[in-house]
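To start, the structure itself, in structure tokens.
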There are 2 protein chains.
Amino acid sequence: MTDDAVETRRTAPATLHDVAREAGVSLATASRSLNGSTRKVNEEYRQRVLAAAAKLNYSPNLSAQAVARGSTTTVALLVADIADPYFSQMAAGVVREADRERLIVTMAATERDTERELDLVRTLRGQRPRVMILAASRREGDPNNDALEAELRAFESNGGRVAFVSSAAGEFHAVQLDNRAGAEALARELIGLGYRRFAAVTGAEGIRTADERLAGFRAGLEAGGGTLERIVRPAFTRDGGYEGMTQLIEEGLDGIELVFAGNDVMAVGAMSAIRDAGLTPGTDVAVAGFDDIPTVRDVTPPLTTVRIPLEEVGRRALRLALDEPDAVDESPVHTEVVLRESTPRRG
Amino acid sequence: MTDDAVETRRTAPATLHDVAREAGVSLATASRSLNGSTRKVNEEYRQRVLAAAAKLNYSPNLSAQAVARGSTTTVALLVADIADPYFSQMAAGVVREADRERLIVTMAATERDTERELDLVRTLRGQRPRVMILAASRREGDPNNDALEAELRAFESNGGRVAFVSSAAGEFHAVQLDNRAGAEALARELIGLGYRRFAAVTGAEGIRTADERLAGFRAGLEAGGGTLERIVRPAFTRDGGYEGMTQLIEEGLDGIELVFAGNDVMAVGAMSAIRDAGLTPGTDVAVAGFDDIPTVRDVTPPLTTVRIPLEEVGRRALRLALDEPDAVDESPVHTEVVLRESTPRRG
DNA sequence: TTGAAAGCGATACCAA
DNA sequence: TTGGTATCGCTTTCAA
């Protein structure tokens with residue numbers, strides 16, 4: 001019984017060694033033919049190696065390559081919640097750009113728990129990813145912040161690249177979302193439409209994104225003579241939006257003309273709450289959101305919001321981490337107020 | 001200048017070797033203390049190693065572990081489109097279950113291109129993932145099907161596990177979605193509500209999911225005396241739904257009482273098209289979808305659909321691949337018709 | 001150009 | 001129990 005007899009039922013994947021033997025060349029030559037950078041390999045040998053690889057259905061072991069080369073082809077992405085359109089759109093951008101660079105994306109969800117986030121970063125560091133992208137929103141004054149930062153610093157000092165998607169330029173590179181300016185511009189536009197009396201339904205205090213949007217909105221109102229009469233702070237999710245709005249209604253809307261939701265999923269939840277209370281969003285009380293997720297075109301009435309090009313944000317986050325620091329566009333992402341029927345002109 | 005002098009500014013991550021030296025034990029002992037399965041290590045040594053690891057901020061190199069152990073802790077997930085809620089919900093389930101098993105998920109998007117899918121499978125095979133989960137829908141009679149199957153067979157024969165999310169039990173393990181039965185049940189319920197004249201807006205012929213839902217729906221109608229008078233087959237996406245519905249309206253609705261969309265994102269697009277045409281969904285023409293993505297509770301009127309527990313499907317897909325074949329629940333996922341206001345009782 | 005051999009960072013067998 | 005060392009699959013010097 002020869003080696004060939006068992007070859008078809010071998011249980012382990014073909015190794016480069018197998019390919020080299022099959023092609024009758026050395027390991028080094030096989031390596032150079034298949035993966036080598038500057039290929040200085042006799043064409044005939046090269047062909048033999050390629051044929052052997054095809055015959056054996058060879059697929060290079062990325063782990064082994066990583067160990068030998070000292071670097072991986074992996075990008076790690078951390079989001080709060082994969083099923084949330086805000087994050088899934090961004091993730092789609094990251095994956096698309098990674099694909100262009102022939103990089104592989106590993107994805108994890110913090111579930112909005114900063115301790116989990118820290119754990120995940122530690123675990124993912126074991127992968128030695130080329131890049132770590134942190135998109136879950138920051139928590140102001142969180143006890144885990146320092147440890148997280150230390151962990152990321154360590155990662156960087158080992159040659160890893162870090163990119164945040166964030167509202168502020170912190171100690172790390174970040175794709176900056178100008179939440180404040182966006183919300184302020186929105187507020188001005190709403191004032192321009194004739195609204196004066198507002199409420200806000202937004203996430204818990206400390207969630208940076210929520211805080212900045214609220215601050216911006218408030219600033220815009222003050223500049224224009226509007227008043228922010230009520231604020232509720234449920235969870236930063238669709239159900240949070242529903243609950244927050246319900247609470248507002250139960251306590252009495254009391255002249256509130258427009259409710260600003262901290263993000264679009266909350267706004268969508270809020271609209272359902274309004275409807276379930278027997279009122280009509282846009283008519284009885286106007287609603288505005290933030291993000292411009294795809295869904296908001298399809299709710300009734302379509303939602304006024306601040307557009308963030310989420311897919312592009314994801315792509316930029318990866319570019320930011322990959323490119324030379326000076327070749328990188330660090331300017332804040334362009335946001336844009338999109339007025340729709342959920343905020344009709346008043347009077 | 002001693003070794004210690006540069007230690008803090010070392011640029012490479014600490015290795016197990018470093019830890020062992022720092023702790024004054026052998027490589028083997030360090031390995032056993034940190035990652036070993038059956039730890040038979042002197043407690044004092046163990047503590048020394050742990051301390052050294054902490055001091056050096058050691059994080060085991062997963063690639064090196066993978067090559068030494070001959071197996072990874074990776075799960076590869078293939079979806080059609082990460083930003084589509086159908087897939088992102090499923091992905092969330094996979095990631096959650098993977099997290100419980102301390103597995104890492106790498107994610108890729110086929111963008112509904114079977115050739116890309118094949119390429120991705122080839123690339124991902126290089127990772128030697130423990131599991132590959134294929135969730136992008138199958139195409140009947142696609143020229144790449146055979147190559148894909150061969151690739152997956154090879155992966156399996158190398159010890160990898162494959163799990164499909166699929167409508168039919170094929171040659172691989174699959175979490176089965178009973179699209180046919182679900183659509184049929186939906187049709188019966190709609191007949192029960194008094195509807196008789198239907199149209200369908202669904203994906204291109206050959207998309208298995210679309211075909212099966214359509215077939216099931218048709219069967220349910222026939223059993224109940226309804227007629228499927230028109231079928232349009234745009235893209236299997238939100239915009240496809242919008243376009244398809246627009247086409248239907250332009251050609252003249254002509255007595256059509258209800259439009260069945262092949263999935264919820266299409267249904268949501270269709271509802272917007274109805275509204276943009278000056279009609280009212282649910283009133284002028286009823287709409288039903290399939291999947292029960294979160295959004296459909298928040299559109300107006302809320303959408304009648306067939307519920308698939310998408311998160312659970314994701315979790316089950318991973319379990320299916322991980323568990324012993326006989327410990328696994330291969331029964332089709334439970335689907336359920338959810339009647340909402342988009343299909344009010346007629347007459 | 002080619003091949004032998006020394007790593008890469010871990011695991012695990014085998015003596016001691 | 002502990003430590004020495006072969007090994008995993010691949011890359012990359014270094015001679016030839």
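- Looking at B/R138, B/R112, B/R139 one by one, the single match for salt bridge (Lys or Arg N to Asp or Glu O under 4.0 Å) with B/E117 turns out to be B/R138.
- In terms of phosphate contacts, B/N61 brings no side-chain nitrogen or oxygen within less than 4.0 Å of OP1 or OP2 of C/dC8.
- Taking side-chain N and O atoms only, B/T29 has a distance below 4.0 Å to OP1 or OP2 of D/dG3.
- Closest to the A/A28 side chain, of the nucleotides D/dT12, D/dC10, D/dT5, is D/dT12.
- Taking every side-chain heavy atom of B/N35 into account, C/dT11 is the closest of C/dG9, C/dT1, C/dT11.
- The side chain of A/P60 lies closest to D/dC10 when the candidates are D/dG3, C/dG3, D/dC10.
- Along DNA chain C, the nucleotide closest to B/L16 and the one closest to A/V25 are compared, and the more 5′ of them pairs with A/V25.
- The CZ atom of A/R21 sits 19 Å away from the C1' atom of C/dT2 (whole-angstrom rounding).
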Trace of the salt bridge (Lys or Arg N to Asp or Glu O under 4.0 Å) decision for A/D99 with A/R96: CA-CA 5 Å; A/D99 198 80; A/R96 177 159 301 149; over 6 Å; no
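- Contact of A/R32 with C/dG3 (side chain to base): a donor-acceptor pair of N or O atoms is detected under 3.5 Å.
- Note on B/R315 versus B/E312: no salt bridge recorded, every NZ/NE/NH1/NH2 to OD/OE distance being 4.0 Å or above.
- Distance A/R69 CZ to D/dC8 P: 20 Å, rounded to the nearest Å.
- Note that A/R153 lies in the cation-pi zone of A/F172, set by a 6.0 Å cut-off to the ring centre and a 45° limit from the axis.
- Taking the side chain of A/Q65 as heavy atoms from C-beta on, and the options D/dC10, D/dG9, C/dT2, the nearest nucleotide is D/dC10.
- Side-chain atoms of B/V121 and B/L134, non-hydrogen and from C-beta on, do get closer than 4.5 Å to each other.
- In terms of position on DNA chain D, the residue among B/R128 and B/N42 whose nearest nucleotide sits closer to the 5' end is B/N42.
- What separates CZ of A/R48 from P of C/dT1 is a distance of 17 Å, to the nearest Å.
- Between A/S31 and the phosphate of D/dC10, there is no side-chain N or O to OP1/OP2 separation shorter than 4.0 Å.
- Listed candidates were D/dT1, D/dC10, C/dA10. Nearest to the side chain of B/Y58 is C/dA10.
- Contact between the side-chain N/O atoms of A/S26 and the OP1/OP2 oxygens of C/dG3 is found at a separation under 4.0 Å.
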